Protein chains: 2
Amino acid sequence: MMKALVNKKTTEQASETEISVNHQKLIDATIETIAKRGLADTTIAHVAKRAKVSQGYANFRFKSKDNLLISSLQYLSDEYKKSWQKIFEEKNIDPIDRIIRIVQNDFSSKIANRNKISVWIAFYSEVKFRPSYLTICQRQDEIYSQQMEKLVSEINNITSQKEFTPKEVSETYHSMVDGLWQRILFDPKIYTNEFCKNLVLKYFRSIYVNEDRFA
Amino acid sequence: MMKALVNKKTTEQASETEISVNHQKLIDATIETIAKRGLADTTIAHVAKRAKVSQGYANFRFKSKDNLLISSLQYLSDEYKKSWQKIFEEKNIDPIDRIIRIVQNDFSSKIANRNKISVWIAFYSEVKFRPSYLTICQRQDEIYSQQMEKLVSEINNITSQKEFTPKEVSETYHSMVDGLWQRILFDPKIYTNEFCKNLVLKYFRSIYVNEDRFA
DNA sequence: TTTTGTATTGAATAATCATTCAATTTTTAT
DNA sequence: ATAAAAATTGAATGATTATTCAATACAAAA
């Protein structure tokens, strides 16, 4: 199995790509299945059917259902992380513009859509009982929070804002995002991505009173 | 079955109480089981054992597992509703004091503890796939939001605050609460009830700048 | 082409679990 | 106290589902 991944074709990495395709097909199918049926009703059979492989193969490929679920959460987590890492790494950008880009990303349709959110919440709901889920979610949160606090700190300096600490602003933002994602799932008619984004920007406006970019 | 509830003893309502005891014992056991093991690992057998009745009885009493779960969510929802309804109904209380009481309630140990929160999130995670869960959660949210907006509106008048609409403040508060509850589950060391409560009060302070009760 | 090793299948297995129901215990009425 | 009715039990049933694995398809090498 491991050998295959390494040795199959030494001239080109086509084989590795092929295997990765199956790997990724199964992860995609898992996320889609959870989004469509819920975690409770997600069986290997459903996932395998959606990925167009046999049930036995799905299990064989990931060793266990649990492993497949963990891999899917990890993928989701990485995908999200990449999207905000990119923004934090951009050079020559004003801190306020950067934080606005962060907000836009958190409520972009790629990130904050009902399918993705329902999968996140499905995993969140099991976090207390599956240490591996918690580890994946926590590690991500930590780096995000850290970078966010640093960014807020810069903005506080620029705007001479002293009433609210970077930690406070960052935590408030973070909890608002989590809460709003949840509400998008409940009532997408009211909680459109635009509505949520504007609500968060309005929060920033309440902190940075003289800054009119938080329209 | 229904007859029993009504006719068993006509002189006193002891029988009704007794049956209610079993009913309630099962609902309590369900909530405890979900809190301890997660919704995915909550079986009728576990619940029955915890409630000290037979497995067959638990099912018979609630007709189905689904029904037992719905009843438990309804109970949780009613319990929460009662706690904030009481505050909204209090007479002769200043709007700002009232909203502070609401915040205190939302982060009281009776409401915002890891067991209750893990049960809430378990149900939330299934909301997209079980219309009955959604109905229960939505009905509650609606009344809460309505009362909250009215209260914020009063505070806006008193403080002559015009920049932020009652809807905006209410929605921001609501999403912060949901987000912070989630974070209590993730990292209770950092997100103590006190920490969360103060974070929310600080948000209010950013809106109502001259009001020093939001310490 | 034949051989050899790998990838993939799908049917069988075994475990779990909601639900049912005949039998038993408990309660109520006479 | 006895009969009738209701409450409760717990073992049996049937459905679902993760996991296994012998058999097959496929690809590479000779």
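Lettering of chains follows the sequences in order, A, B, ..., and the numbering in each one begins at 1. These numbers come from a predicted model, not from an experiment.
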Legend entry - Atom-to-atom span, CG of A:D41 to C1' of C:dC17 - whole angstrom: 15 Å
Legend entry - Distance in angstrom units between B:F60 CZ and C:dT24 P, rounded: 18 Å
Legend entry - Length of the NE2-C1' vector between A:H23 and C:dA7, whole Å: 16 Å
Legend entry - Atom-to-atom span, CG of A:N67 to P of D:dA18 - whole angstrom: 14 Å
Inset, instruction - Without swapping roles, check the side chain of A:R114 against the backbone of A:L185 for a donor-acceptor pair under 3.5 Å. - result: yes
Inset, instruction - Could you check how far CZ of A:R61 sits from C1' of C:dT6, rounded to whole Å? - result: 13 Å
Legend entry - Heavy-atom neighbours of B:Q85 CD exceed 12 at 6.0 Å: yes
Inset, instruction - Look at B:N59 and C:dA18 and indicate whether a side-chain polar atom (N or O) is within less than 4.0 Å of OP1 or OP2. - result: no
Inset, instruction - From the options C:dC17, D:dT19, C:dT8, select the nucleotide whose nearest atom is closest to the side chain of A:Q55. - result: D:dT19
Legend entry - Proximity to the side chain of A:I44 - top-ranked nucleotide from D:dT8, D:dA18, C:dT8: D:dA18
Legend entry - Gap separating the CZ atom of B:F62 from the CD1 atom of B:I44, nearest 0.5 angstrom: 9.5 Å
Legend entry - Nearest-angstrom distance from the residue atom NZ of A:K63 to P of D:dT20: 12 Å
Legend entry - Interatomic distance, B:L69 CG vs C:dA18 C1' [rounded to whole Å]: 12 Å
Legend entry - B:R205 side-chain N/O to B:F214 backbone N/O, donor-acceptor pair under 3.5 Å: yes
Inset, instruction - Indicate whether the side chain of B:D78 and that of B:Q74 have a donor and an acceptor atom separated by less than 3.5 Å. - result: yes
Inset, instruction - Report the nucleotide, chosen from D:dT17, D:dT9, C:dT8, that has the shortest atom-to-atom distance to any side-chain atom of A:S54. - result: C:dT8
Inset, instruction - Taking only the side-chain heavy atoms of B:S64 (C-beta and beyond), determine which of C:dT19, D:dG10, C:dC17 contains the nearest atom. - result: C:dT19
Inset, instruction - With the side chain of B:Y57 defined as its heavy atoms from C-beta on, choose the nearest nucleotide among C:dC17, D:dT9, D:dT17. - result: D:dT9
Legend entry - Protein-nucleotide distance (B:K65, atom NZ; D:dT16, atom C1'), rounded to Å: 12 Å
